[in-house]
Amino acid sequence: MQEKHDSAPPGLWSERFAEPVTERVARFTASVEFDKRLAPFDIRGSLAHARMLHAIGIVSASELAAIEQGMRRIESEIERGEFAWSIADEDVHLNIEKRLTALIGDAGKKLHTARSRNDQVATDIRLYLRAAIDDIRALISALQSRLLDLAEHHVDVIMPGFTHLQVAQPVSFGHHLLAYFEMLKRDSERLTDCRKRVNQLPLGAAALAGTSYPIDRSRVATELGFDGVCENSLDAVSDRDFAIEFCACAALLMTHLSRFSEELILWMNPRFGFIELADRHCTGSSIMPQKKNPDVPELVRGKTGRVNGHLVALLTLMKAQPLAYNKDNQEDKEPLFDAVDTLQATLAVFADMLSGLRVNADAMRAAAREGYATATDLADYLVKKGLPFRDAHAAVAKAVRVAAESRHDLSDLPLNQLKQFSALIENDVYAVLTLEGSLTSRDHIGGTAPNRVRAAIIKARASLDSLPR
Ligand code: ARG
């Protein structure tokens with residue numbers, strides 16, 4: 001163990017201790033291996049704090065200049081991979097502070113005045129997460145715009161819509177894709193909302209109770225781009241609800257992509273044959289030469305479990321923690337970082353994968369013609385001719401059974417046969433029984449009529465363009 005404080009004997013945390021921590025404890029308690037990625041945010045936070053300390057007369061102009069210069073040097077050492085991270089200095093905060101003091105001397109020792117690592121780390125995580133949210137929102141928009149391109153190309157492609165994974169009613173493939181656009185839109189909105197609660201400054205709470213120095217928290221908040229300051233010092237250093245909330249948003253987003261993935265996997269199976277993923281997005285088998293596997297969507301589905309796990313991990317981490325800061329909170333970082341990394345990688349690869357998607361319109365159409373997808377249309381036809389819906393439902397159910405026995409589609413049955421199910425059926429029924437007729441008739445906001453789908457795409461594009469950046 002190296003020394004922690006200049007005044008303490010080598011190996012000791014401070015003069016308060018009679019013996020150093022063991023190597024095992026040092027390794028167990030250190031977080032630097034994973035929290036060093038907070039370094040850029042830690043430095044930004046420290047600089048804002050130092051400038052505030054100068055403004056209130058605690059740090060002189062020359063000390064501030066030394067701190068700024070030292071931090072620039074540290075930043076470039078880290079960027080170039082030359083910074084000597086040490087677990088003896090526990091975490092990113094102590095590593096940087098120690099290096100600063102080595103570089104500039106006493107001015108470095110003043111930096112920690114009026115703050116604690118407790119409010120420091122909470123600030124760092126919030127700065128990190130704010131940047132991550134902004135990046136993720138941009139990635140969602142990019143994916144949404146791919147979806148709109150794909151939807152636009154396939155407005156008139158008809159596929160069977162499913163309920164219970166059984167053929168239900170025909171829908172436009174573009175319409176189907178727009179369902180995912182809507183899910184992603186809500187995911188993005190949720191993140192925007194979450195960002196407001198992330199973007200509050202904890203610094204100034206110090207260890208837990210605030211500080212006796214005449215600090216200027218608003219000044220620090222403004223410099224760091226926070227919307228406001230955390231209003232209670234105990235809450236500021238202890239709660240990680242903002243990280244939990246982010247993970248909840250992340251879990252939902254992954255859940256949506258997992259649903260989409262499941263469909264892509266099914267559709268790529270030759271029994272469906274609806275789509276083909278580009279070779280560059282698939283992998284083969286080491287034993288079966290014929291295989292082309294949809295590994296990307298499978299992994300998206302799998303990684304959803306991992307992100308859901310991070311949400312549960314953070315909830316469990318916070319549960320039953322007494323106020324205020326507890327070391328438990330050091331465990332917040334790995335789940336949070338991994339949730340961010342997973343989301344970023346998933347969104348990027350997903351957008352990529354969609355751009356290589358090939359659609360087999362004929363297979364979709366054939367499947368839509370197979371499962372009596374227009375049976376509801378026939379029932380609605382009868383209702384419009386005056387039959388109560390339940391009677392219409394019964395008449396069409398009988399028609400479907402008869403058609404199925406002879407392996408015919410409803411539209412294949414001649415008029416005299418159809419008339420056996422209801423005398424109300426006339427020659428105009430065939431317009432209703434076609435896939436196109438079925439789609440066109442669902443002509444209202446949110447319906448699958450192609451003109452409505454086109455309008456929805458235009459509206460969706462406008463909503464993307466008007467997103468706050
Ligand atoms: N590495 C610590 C964490 O991530 C920083 C705060 C430590 N505070 C303390 N009082 N030990 O939570």
Side-chain angles (χ1 to χ4, degrees), residues 1-5 8 12-17 20-22 24-46 48-49 74 78 83 85-101 111-132 198 200-211 230 233-244 246-247 310 313-341:
M1 283 289 291
Q2 284 169 263
E3 60 193 307
K4 281 281 167 28
H5 296 279
L12 283 192
W13 174 265
S14 76
E15 295 277 14
R16 189 229 174 280
F17 292 84
V21 295
T22 65
R24 205 194 293 281
V25 169
R27 266 187 282 115
F28 190 73
T29 54
S31 54
V32 66
E33 273 313 317
F34 52 83
D35 67 17
K36 62 184 173 197
R37 75 149 83 180
L38 292 175
F41 306 101
D42 195 66
I43 291 172
R44 273 178 69 192
S46 284
H49 182 66
I74 291 171
I78 294 172
F83 191 91
W85 298 104
S86 159
I87 68 155
D89 293 311
E90 209 176 290
D91 57 24
V92 61
H93 325 292
L94 291 177
N95 267 266
I96 291 178
E97 189 186 330
K98 184 159 177 211
R99 177 70 184 139
L100 183 69
T101 302
L111 176 62
H112 211 53
T113 313
R115 97 178 163 177
S116 150
R117 279 185 298 156
N118 297 351
D119 56 346
Q120 187 179 357
V121 69
T123 303
D124 292 3
I125 305 170
R126 285 170 185 263
L127 286 172
Y128 157 82
L129 188 54
R130 184 180 73 189
V198 169
Q200 299 291 324
L201 174 76
L203 212 61
L208 75 164
T211 175
C230 299
S233 62
L234 297 154
D235 175 49
V237 292
S238 68
D239 208 342
R240 295 290 182 266
D241 58 354
F242 63 91
I244 297 173
F246 169 81
C247 281
H310 295 327
L314 289 189
L315 282 168
T316 313
L317 173 73
M318 191 51 57
K319 174 185 175 296
Q321 267 197 55
L323 284 173
Y325 176 85
N326 301 283
K327 188 78 165 182
D328 311 40
N329 279 350
Q330 182 164 289
E331 289 287 310
D332 63 355
K333 287 166 205 63
E334 288 161 293
L336 181 63
F337 293 164
D338 190 71
V340 168
D341 293 344

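Just follow the structure's listing: the first ligand is 1, and inside any ligand the first atom is 1.
- Looking at ligand 1, you'll find an N or O of Asn118 within less than 3.5 Å of one of its N or O atoms.
- In summary, of the residues considered (Asn118, Asp239, Leu208), a side chain to side chain contact (heavy atoms under 4.5 Å, CB included) with Tyr325 occurs for Asn118 alone.
- Checking only distances, Lys327 never comes within under 3.5 Å of ligand 1, N or O to N or O.
- Near Lys333, meaning under 4.0 Å from any of its heavy atoms, are these atoms of ligand 1: 3 (C), 4 (O), 12 (O).
- Checked by atom type, the side-chain pair Asn329/Gln321 shows a donor-acceptor distance below 3.5 Å.
- Note that NZ of Lys333 is 9.0 Å distant from CG of Asp124, once rounded to the nearest 0.5 Å.
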Verify salt bridge (charged side-chain N to carboxylate O under 4.0 Å, His left out) between Arg37 and Asp341, making sure each step is shown before the conclusion. CA-CA 12 Å; Arg37 75 149 83 180; Asp341 293 344; 2.7 Å; yes
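- At a threshold of 4.5 Å between non-hydrogen side-chain atoms, the residues Val340 and Leu129 count as touching.
- When each atom of ligand 1 is checked for a heavy atom of Gln330 under 4.0 Å away, the hits are 1 (N), 2 (C), 3 (C), 4 (O), 12 (O).
- Residues Ser31 and Glu331 form no side-chain contact, since every pair of their non-hydrogen atoms from C-beta on lies 4.5 Å or further apart.
- Protein heavy atom closest to atom 11 (N) of ligand 1, with residue, atom name and distance, is Arg117 NH2, 3.4 Å.
- Of all atoms in ligand 1, numbered sequentially from 1 with element shown, those under 4.0 Å from a heavy atom of Ser31 are 1 (N).
- The protein atom (non-hydrogen) at minimum distance from atom 7 (C) of ligand 1 is Tyr325 OH, 3.5 Å.
- Under 3.5 Å, the side chains of Ser46 and Arg115 contain a donor-acceptor pair of N or O atoms.
- At under 3.5 Å, not a single nitrogen or oxygen of Glu90, backbone or side chain, sits near a nitrogen or oxygen of ligand 1.
- The nearest non-hydrogen atom to atom 5 (C) of ligand 1, considering only Asp91, Asp35, Leu208, Asn326, comes from Asp91.
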